[in-house]
Amino acid sequence: MGDLRSIPGVDRLLGDLQDTLLPPPVLTGVVRRCLETIREEEEVPDYEEILARVKAAISRVSRTRLQAVLNGTGIIIHTNLGRAPLGPAQRASLDTISSQYNNLEFDLNTGKRGGRAAYLEEALAEATGGEAATVVNNCAAALVLILKTFALGKEVIISRGELVQIGGGFRIPDIMESSGARLKEVGATNRTSIKDYAQAIGPDTGLLLKVHQSNFDMTGFVSAPTTNELAKLAEEHQLLFVEDLGSGALVPLEKRASIAHEPTPQEILKQGCHLVCMSGDKLMGGPQAGILSGRRNLVSAIKANPFFRALRCDKLILAALQNTVDAYLSGEADRHIPALALMALPLETLQERGTRILEGLDQAKGLSLGEGVSKIGGGAMPSAEIPSLTIEIRIPNLKPKDVGYQLRLNTPPLIGYVDNDCFKIDLRTIFPEQDAIVVQQLQGLY
Ligand SMILES: *Cc1c(COP(=O)(O)O)cnc(C)c1O
């Protein structure tokens, strides 16, 4: 221990720090802040200790950089882990479009300025069953845009059972009110009838809104009007009826996994809803986007709103989304869209992989295969459970949460979960080509 004068200078520490990913100014900032903290302490640690603390601070900052991780949570659309991963076919044009000039807003037929996402809009309309479609940043943006366009200063009638929080502290009602529309809440949390909507309709009504309860389940004494009933009511009163599907699947998911049916935009629009919005990176399995689909005049009105410009997607998103939609339209979605493929992975395949992983370890003490349940996630189908396979880790004298910490320190970090006093890695959401990394990391635990 030394006095204040023995605190090393930034340069000396920088000289001893190699192999960091942080750019020099960021690195210097981390070192400075570390030294400031040490300066405020009563006793100054020795140089080795200071260096160790600086290195730990650098690692902490490095780990906040966006990077690839192995998802061993079994949650297929994990919002904290980047939602839907993209497959090679979805990424195919990203490199070309990003590195070269392209026809983003140029019409190759006329040689003049063209519509942004012209083809994509046609393809999205086709895939979602709308007369027309368009795309913005995300589903929350799509919802605000709808309200701004059709309900500014007016009332939006919505069931109390649908005023949900969508994660990250964001609540649908707050997002909606930020548009300048007023919410007219009807019914009770668990029950809302078509009468409740009918009674709420008045001169100030802008539109009827149904929000898909995607991230929670209500069971027991519950009821809500169907899309059909709401469509009829809207028609009687010449009102606009919109559904926020949130997760929005484009294909019947129950045919892919043992899960319940998730409403598709095609069905909802067929049942008389005028306009729907949904996320691109939830069950659709594409990049982050908010897709709007429905009546042609409504989509046109939305595109004519100046605020539409503030929410437009970047060319990379449009490129990946175009490939994604093409995969659906060519009937190749299950092959090309990882979110769908992961859902459908048979348990036997996971069992074979799990057995091979354990065989690949010199010493598999404390490791075993167990049953797990994968979830769809992404605020989608909370009760849907897909039987899965886990690697269970029980190491004497190492708490499950400490196993989790050690695995998170790896490059790439491996994320699993603690259940039943055991650390578990669900193999469904780990890609087969990552199995060798899992073996290596498990080996490293001993
Ligand atoms: C997830 C979700 C949203 C928000 O979608 P983003 O694409 O993340 O903006 C909105 N509404 C519902 C019902 C959702 O499930």
Side-chain angles (χ1 to χ4, degrees), residues 75-86 124 128 133-148 151 156 158-179 181 183 185 189 192 207-218 224 227 230 241-250 253 259-265 267-268 273 275-294 302 307-308 310-314 317-318 320-321 324-325 339 375-384:
I75 299 169
I76 296 169
I77 311 288
H78 197 306
T79 294
N80 301 157
L81 303 183
R83 289 199 182 158
L86 302 183
L124 276 173
T128 54
T134 192
V135 58
V136 292
N137 249 315
N138 55 30
C139 185
L143 185 57
V144 168
L145 186 58
I146 290 170
L147 300 186
K148 264 191 186 301
V156 175
I158 181 168
S159 160
R160 289 202 169 84
E162 297 169 3
L163 296 170
V164 301
Q165 179 159 335
I166 54 174
F170 287 104
R171 297 193 162 142
I172 290 279
D174 298 339
I175 296 170
M176 286 170 56
E177 287 195 321
S178 76
S179 71
L183 298 193
E185 302 164 21
T189 304
T192 304
L207 57 86
L208 307 185
L209 178 70
K210 190 171 167 69
V211 176
H212 191 56
Q213 296 167 345
S214 44
N215 61 359
F216 69 105
D217 275 321
M218 281 206 291
T227 295
L230 282 167
F241 169 38
V242 175
E243 255 190 72
D244 170 11
L245 290 178
S247 42
L250 290 184
L253 297 184
I259 49 181
H261 179 73
E262 175 79 11
T264 63
E267 290 162 12
I268 299 295
C273 179
L275 187 64
V276 297
C277 57
M278 58 179 264
S279 290
D281 56 352
K282 288 184 180 171
L283 293 172
M284 187 177 168
Q288 180 187 301
I291 292 147
L292 295 125
S293 174
I302 281 183
F307 196 58
F308 177 71
L311 305 174
R312 79 178 189 190
C313 295
D314 165 66
I317 296 288
L318 298 177
L321 194 58
T324 304
V325 179
K375 299 247 180 187
I376 301 287
M381 319 180 82
S383 56

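The residues of the chain are indexed from 1 along the displayed sequence. Start at 1 and go down the list; that is how both ligands and their atoms are numbered.
- Shortest non-hydrogen contact noted between R83 and D281 is NH1-OD1, 3.0 Å.
- Between atom 10 (C) of ligand 1 and the options I175, L245, D244, the minimum heavy-atom separation is to D244.
- The nearest non-hydrogen atom to atom 12 (C) of ligand 1, considering only G248, A141, G246, A142, comes from G246.
- Here L143 has no heavy atoms under 4.0 Å from ligand 1, in either its backbone or its side chain.
- Taking both residues in full, the closest heavy atoms of C139 and S279 are given as CB-OG, 3.3 Å, listed atom of the first, atom of the second, then distance.
- The ligand atoms of ligand 1 that sit less than 4.0 angstrom from a heavy atom of H212 are 13 (C).
- Here R160 pairs with E185 in a salt bridge; the nearest charged N to carboxylate O distance falls below 4.0 Å.
- Taking distance alone, with nitrogen or oxygen atoms compared against 3.5 Å, C139 approaches ligand 1 more closely than that limit.
- Neither the backbone nor the side chain of E243 comes within 4.0 Å of ligand 1, counting heavy atoms alone.
- The closest approach between any non-hydrogen atom of K282 and ligand 1 is below 4.0 Å.
- Shown are L183, L230, V242, I172; of these, the side chain to side chain contact (heavy atoms under 4.5 Å, CB included) with L209 is made only by V242.
- How far NZ of K210 is from CD1 of I268: 7.5 Å, rounded to the nearest 0.5 Å.
- With a heavy-atom cut-off of 4.0 Å, Q288 does not touch ligand 1 at all.
- Residue contact annotation: I172 has a non-hydrogen atom under 4.0 Å from ligand 1.
- When only interatomic distances are considered, the shortest N/O to N/O separation between A289 and ligand 1 does not fall below 3.5 Å.
- When all heavy atoms of T134 and L124 are compared, the pair lying nearest together is O-CD1, 4.3 Å.
- Numbered from 1 in the order shown, with element, the atoms of ligand 1 that lie under 4.0 Å from a heavy atom of S279 read 5 (O), 6 (P), 7 (O).
- Considering I146, I158, V144, D244 in turn, I158 is the only one that fulfils the side chain to side chain contact (heavy atoms under 4.5 Å, CB included) rule with M176.
- The two residues F241 and T227 come nearest to each other via the heavy atoms CE2-O, 3.5 Å.
- Close approach of ligand 1 to R83 is summarised as follows: ligand atoms under 4.0 Å from at least one heavy atom of the residue are 6 (P), 7 (O), 8 (O).
- Annotation for ligand 1: atoms under 4.0 Å from non-hydrogen atoms of V211 are 13 (C).
- In terms of heavy atoms, A151 sits closest to L207 at CB-CD2, 4.1 Å.
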